[in-house]
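Please read the structure below before turning to the comments.
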Amino acid sequence: MSEQEIRVPELGGAESVEIVGVLVSVGDSVEAEDPLLELESDKATVEMPAPAAGKITRLDVNEGDSLKEGDLVGMMETAEAGASGDSDQSEGDEESVGASPARDETQEADAATDSQSGDTASEAPGTSGGEQAIQVPELGGAESVEIVGVLVSVGDSVNAEDPLLELESDKATVEMPSPATGKITRLDVKEGDTLKEGDVVGMLEVSGGGAQASSEQTSTGKKEQADSVGASPARDDAQQTQGTTSSTAAKPETPETPSGKRVHAGPAVRRIAREFGADLQQVQGSGPKGRILKDDVQAWVRKQLQSGSSAPAGGGAGIPEVPLPDFSQFGEVERQSMTKIQRLTAQGMHRSWLNVPHVTQFEKADITDLEAFRKDHKAEGEKRGVKMTLLPFLMKACAHALATYPQFNVSLDMANQQIIQKHYCHIGIAVDTPNGLVVPVIRDVDRKSIWQLAEEAQELAGKARDRKLTNNDMSGACFTITSLGGIGGTAFTPIVNSPEVAILGASKAAMEPVWDGAQFQPRLMLPLSLSYDHRAINGADAARFTTLLSKTLGDLRELVM
Ligand code: CAO
């Protein structure tokens with residue numbers, strides 16, 4: 001056992017904060033990163049996490065106290081083993097809370113809140129209209145940030161707070177929200193640019209929509225904004241949707257939910273609520289002034305599960321959290337921040353896994369002749385500077401199957417009970433890179449030759465590995481191919497890249513004895529795994545699709561029929 005001081009971490013730019021909630025008492029046992037205090041600056045309400053797991057032995061502060069960075073708030077007794085495991089974290093905590101999720105939220109909340117506070121309110125859309133400069137808000141302590149994603153284009157209509165840019169500092173990735181509702185009329189920036197606070201990134205023609213929210217903020221004032229938490233289902237949905245293409249940024253707090261009920265909760269609690277799909281409006285807060293605490297959300301989710309009620313709003317499944325033990329009690333461990341690609345992949349996979357009823361259809365294609373054909377063209381490929389692999393043939397066969405069975409080239413709009421049929425054929429290719437999985441998209445596969453497809457696949461895979469893909473390179477796919485054939489394996493069950501409705505996995509082709517009616521023949525057999533969204537596609541159609549794929553890959557003449 002050892003004693004450890006509990007000090008206020010870096011405050012993301014704020015000079016001082018007020019304690020609006022003391023969430024623990026002397027004698028309480030806490031896990032690392034459990035919220036200890038709720039702190040309020042003039043911009044946001046954040047939770048101060050425990051620096052380590054242990055027992056609170058002293059608390060020197062009270063609600064209403066004002067704190068600065070580095071102030072001592074109390075002491076805790078940490079278990080020896082736990083202390084060493086947490087030392088990775090504590091190291092970071094000493095100088096900044098940069099690596100901890102709580103810190104990310106502080107910064108994100110700051111950046112987002114800043115963009116809203118004052119500026120937005122004074123430019124209340126609908127009250128004045130006209131053009132408004134879109135400026136980089138305060139960056140929560142970061143001197144400059146890099147644009148890692150431009151999420152809108154000129155002409156796009158946006159709502160106040162819709163994410164416009166994805167910005168990365170050396171500590172966190174945050175989304176820069178739109179200051180108002182309107183139409184983007186100018187964009188002066190591109191991916192890779194470096195920005196500082198106050199830089200103008202473009203212009204917005206402010207429209208009438210969204211005026212209410214902003215003007216309401218004006219009247220309620222900054223303090224009010226920071227004190228109440230926006231947890232409207234629509235807002236949470238939007239945040240979940242953003243996760244498709246960007247990291248989830250903690251958003252500033254809006255005063256009231258559409259039903260008019262005020263919700264009080266900190267950013268960490270809102271994050272948990274989003275993860276669980278919990279509607280904070282329905283959660284009873286047990287904290288000071290009725291604030292919703294983590295435990296309240298967990299208790300609400302437990303109750304939902306016990307009562308067997310349907311999935312909470314926002315598409316979440318209300319699943320219980322997986323508890324993380326203190327692994328350091330079992331051996332040496334170290335923590336590493338996930339890369340942006342890893343974070344996005346985790347979000348995307350989880351979202352698809354929870355929302356899509358998956359089924360995987362297996363098939364084998366006899367590619368003996370195709371392989372001979374491919375090999376015949378390898379030399380020509382070398383002359384052209386293109387590596388002729390199986391992949392472009394798979395793309396072409398998929399394009400043919402998508403045209404034959406258009407129910408695979410759709411997305412579902414469940415909110416409007418509609419099926420969106422696509423009349424174009426863009427195919428995503430899963431590419432394994434040292435930084436994680438990315439999916440560049442090849443457009444109009446149905447209209448391109450095998451050579452063109454091979455060339456483009458090679459170029460995009462190269463860009464993926466060099467981290468040069470743009471958002472445009474990775475958007476618009478109708479269907480995805482994931483090929484593990486160059487690596488190994490006999491079959492797998494890929495996860496649908498939702499909102500697409502199907503994905504084809506290819507495993508390693510192998511020579512197998514195939515009965516031709518009279519004797520066994522050695523044939524090169526390619527294992528195919530088609531995962532599909534059973535809401536959009538019937539099992540019979542999936543079997544038809546893979547049968548056609550198998551036939552096409554077995555005899556390329558099918559393509560000209
Ligand atoms: N069976 C047997 N051999 C295969 C094969 C298959 N299904 N697919 C490819 N090969 C061969 C290729 O023909 C090539 O052999 P040669 O050098 O003799 O021509 C070799 O394996 C290496 O191919 P490649 O991987 O360089 O090229 P590719 O066009 O087949 O694949 C790409 C390109 C980008 C899809 C691949 O490099 C890749 O990243 N795959 C991993 C995708 C992934 O991680 N998916 C998982 C997503 S879900 O977690």
Side-chain angles (χ1 to χ4, degrees), residues 5-23 33 35-51 59-74 90 92-122 135-145 167 169-172 174 176-177 179 195-199 217-218 220-230 249-255 264-270 288-289 291:
E5 292 176 342
I6 307 169
R7 287 185 180 276
V8 178
E10 191 187 310
L11 293 170
E15 275 219 1
S16 68
V17 287
E18 187 189 322
I19 302 181
V20 290
V22 179
L23 310 176
E33 299 206 56
L36 303 181
L37 300 177
E38 252 183 328
L39 306 175
E40 189 176 275
S41 70
D42 57 345
K43 294 170 199 139
T45 306
V46 294
E47 286 174 351
M48 182 183 134
L59 269 181
D60 306 336
V61 292
N62 291 307
E63 217 177 295
D65 285 357
S66 189
L67 294 174
K68 291 196 307 302
E69 185 184 326
D71 280 353
L72 185 67
V73 301
S90 322
D93 290 346
E94 289 301 309
E95 35 179 280
S96 78
V97 201
S100 83
R103 165 60 192 282
D104 283 355
E105 282 175 10
T106 311
Q107 291 185 322
E108 287 164 2
D110 279 347
T113 308
D114 277 352
S115 74
Q116 232 201 0
S117 63
D119 289 356
T120 311
S122 61
Q135 282 181 290
V136 178
E138 190 193 314
L139 294 170
E143 276 215 350
S144 65
V145 287
L167 307 175
S169 72
D170 52 351
K171 296 185 191 127
V174 295
M176 182 180 134
L195 296 175
K196 290 194 309 299
E197 181 187 332
D199 281 352
Q217 278 156 17
T218 317
T220 50
K222 267 183 172 183
K223 170 89 166 62
E224 195 70 2
Q225 274 181 42
D227 201 356
S228 56
V229 174
K251 293 291 178 188
E253 300 153 318
T254 54
H264 299 267
V269 172
R270 282 185 294 133
K289 295 183 208 156
R291 292 188 90 78

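- Once rounded to the nearest 0.5 Å, the distance linking OG of Ser16 with CG of Asp65 reads 12.0 Å.
- Here the straight-line distance linking atom CZ of Arg7 with atom CE of Met48 works out to 10.5 Å at 0.5 Å rounding.
- Asp60 pairs by the side-chain hydrogen bond (donor to acceptor under 3.5 Å, both in side chains) definition with Arg58, not counting sequence neighbours.
- Remark: Asp71 CG to Ile6 CD1 distance equals 13.0 Å, nearest 0.5 Å.
- In this structure the side chain of Val136 reaches within 4.5 angstrom of the side chain of Leu195, judged on heavy atoms.
- Between the side chain of Glu33 and the main chain of Pro49, no donor-acceptor pair closer than 3.5 Å is present.
- Contact record, Leu72 with Glu5: CD1-CB, 3.5 Å, taken as the closest heavy-atom pair.
- A 4.5 Å side-chain heavy-atom check between Val61 and Leu37 finds at least one atom pair inside the cut-off.
- At a threshold of 4.5 Å between non-hydrogen side-chain atoms, the residues Ile19 and Glu38 do not count as touching.
- Val73 is not listed as a side-chain neighbour of Leu36, based on a closest heavy-atom distance of 4.5 Å or more.
- Here the straight-line distance linking atom OG of Ser66 with atom CD of Glu15 works out to 10.0 Å at 0.5 Å rounding.
- The closest side-chain heavy-atom distance from Met176 to Pro137 is below 4.5 Å.
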**OP:** Evaluate side-chain contact (heavy atoms from CB on, under 4.5 Å) for Leu59 paired with Val22, printing each intermediate quantity in order.
**Re:** CA-CA 10 Å; Leu59 269 181; Val22 179; 4.1 Å; yes
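- Put simply, CG on Leu23 and CD on Glu47 are 6.0 Å apart, with the number rounded to the nearest 0.5 Å.
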